[in-house]
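A note on names: the letters A, B, ... follow the listed sequences, proteins ahead of strands, and every chain is numbered from 1. Side-chain atoms are counted along with the backbone in the values below, which use heavy atoms only and exclude waters and symmetry mates. If you're wondering where the values come from, they're calculated on a predicted model, not measured in any experiment.
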There are 2 protein chains.
Amino acid sequence: MPRGITRSEVDPDLPLFARRLKAARLSSGLSQERLGVAAGVDEFSASARINQYERGKHTPDVLTAAHLAKALKVPLAYFWAAEDDLAKLILWYGQLNAKSRKTLLATADELSQQE
Amino acid sequence: MPRGITRSEVDPDLPLFARRLKAARLSSGLSQERLGVAAGVDEFSASARINQYERGKHTPDVLTAAHLAKALKVPLAYFWAAEDDLAKLILWYGQLNAKSRKTLLATADELSQQE
DNA sequence: GCACTAAGATAGTCTTAGCTG
DNA sequence: CAGCTAAGACTATCTTAGTGC
């Protein structure tokens, strides 16, 4: 379950940020309101604000987005990954320990030098 | 040179988006105004707007950010990579062909299952 | 409880018109 | 030319107060 965020069924017509946020929240099992509160949003506006983000009505500032990312345990950059493959790569990077990250970086370095 | 964006010297106290944008632009060799025009910003406001973004005074909407990413040939998510290592990974991913991306994804998948 | 919304209050960005090195 | 800025015009988000399931 924690490895399958991008497999969740989210409307592909939603704007990028909305789509990624909704996928990550559904994967976490939190309600919109509880996610907002967990991210430090005022309890009286949390429900409306997270809903507006997920429906693509509004976009939060980067600080709010960072709090959401932390609450959802995903790297901040995940919200703006345009391709699903890059989204997966970023999610997996976020789950690796320091040693595995080094290994992954080394692999990417080698591959990019081959081109 | 094209592989060294994160090595550029950019004020680490700048907000995240400003820091990544400036590093990518300096690497590209474009002026602030020329980058803005290349990204489709009106020629009369391009200089002011890109400068405001790089100084952290303002942040563009996601569509403008996507145009900037395209002009700079970096993945959109790069602008919000909080850690330099993740920024490098995203940049390198953006430079790989489809086959190398698959290889990199497979490596990340294996590593994340080991944890 | 959960997802969602309208609309006014509020807070942001954008444009213009400059400046300095 | 390149980098940068103030401030008013403009446009976005946030809060409040609700709705329906």
Side-chain angles (χ1 to χ4, degrees), chain A residues 1 5 8-72 76 79-80, chain B residues 1 5 8-72 76 79-80:
Chain A
M1 189 188 322
I5 287 184
S8 306
E9 284 159 37
V10 175
D11 185 352
D13 290 337
L14 283 173
L16 183 61
F17 183 93
R19 187 156 23 105
R20 299 290 179 221
L21 174 63
K22 183 168 186 176
R25 181 185 62 82
L26 290 178
S27 170
S28 78
L30 291 169
S31 71
Q32 293 176 346
E33 182 172 19
R34 279 161 59 81
L35 168 60
V37 171
V41 173
D42 182 278
E43 57 173 329
F44 295 105
S45 57
S47 170
R49 283 178 64 182
I50 304 303
N51 187 272
Q52 288 159 350
Y53 300 156
E54 282 194 11
R55 307 273 298 176
K57 183 75 185 293
H58 297 311
T59 304
D61 61 34
V62 67
L63 185 59
T64 301
H67 292 156
L68 291 169
K70 189 169 187 181
L72 292 168
L76 177 64
F79 291 136
W80 288 277
Chain B
M1 190 189 316
I5 289 183
S8 304
E9 284 158 37
V10 175
D11 184 351
D13 290 337
L14 283 174
L16 181 61
F17 183 93
R19 188 155 24 105
R20 300 290 180 219
L21 175 63
K22 183 167 186 177
R25 180 185 62 82
L26 290 177
S27 170
S28 78
L30 291 169
S31 71
Q32 294 175 347
E33 182 173 18
R34 278 160 57 82
L35 167 60
V37 171
V41 173
D42 182 278
E43 59 174 324
F44 295 105
S45 57
S47 170
R49 283 178 64 182
I50 305 302
N51 186 272
Q52 287 159 350
Y53 300 155
E54 283 193 11
R55 305 275 298 176
K57 183 76 185 292
H58 297 311
T59 304
D61 60 34
V62 67
L63 185 60
T64 302
H67 292 156
L68 291 168
K70 189 169 187 181
L72 291 168
L76 177 64
F79 292 135
W80 289 277

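- No contact: B:Arg34 has no heavy atom under 4.0 Å from any strand.
- For the pair A:Glu54 CD and C:dC4 P, the interatomic distance rounds to 7 Å; values are reported in whole Å.
- For B:Arg25 (side chain) and B:Leu72 (main-chain N/O), no donor-acceptor pair under 3.5 Å exists by modelled atom type.
- Checking the phosphate oxygens (OP1, OP2) of D:dG3, no side-chain nitrogen or oxygen of B:Arg55 falls inside 4.0 Å.
- Within the 4.5 Å cutoff, the side chain of A:Leu68 has no heavy atoms near those of the A:Val41 side chain.
- Between B:Asp13 atom CG and B:Arg19 atom CZ the span is 8.5 Å, to the nearest 0.5 Å.
- One atom, CG of B:Leu21, and another, P of D:dG3, lie 12 Å apart when rounded to the nearest Å.
- D:dC1 atom P lies 16 Å from atom CG of B:Leu30, rounded to whole Å.
- Atom CD1 of B:Ile50 is separated from atom C1' of C:dT15 by 14 Å (rounded to the nearest Å).
- Separating the CG atom of A:Leu26 from the C1' atom of C:dC2 is a distance of 12 Å, rounded to the nearest angstrom.
- Atom OG1 of A:Thr59 is separated from atom CG of B:Leu63 by 11.0 Å, given to the nearest 0.5 angstrom.
- The aromatic rings of B:Trp80 and B:Phe17 sit tilted relative to each other, their planes meeting at an angle between 30° and 60°.
- What separates CG of A:Leu35 from C1' of C:dC4 is a distance of 16 Å, to the nearest Å.
- The side chain of B:Arg25 contributes an N or O atom lying less than 4.0 Å from OP1 or OP2 of D:dG3.
- For the side-chain hydrogen bond (donor to acceptor under 3.5 Å, both in side chains) test with A:Glu54, the passing option among A:Lys22, A:Gln32, A:Arg20 is A:Gln32; the others fail.
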In B/S/- notation (B base, S sugar-phosphate only, - none; protein heavy atoms under 4.0 Å), nucleotides 7-21 of chain D written 5' to 3' is B-----BBBB-----
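- Taking atom CD of residue B:Glu33 and atom P of nucleotide D:dT5, one finds them 16 Å apart after rounding to whole Å.
- With rounding to whole Å, A:Leu63 atom CG is found 15 Å from C:dA11 atom P.
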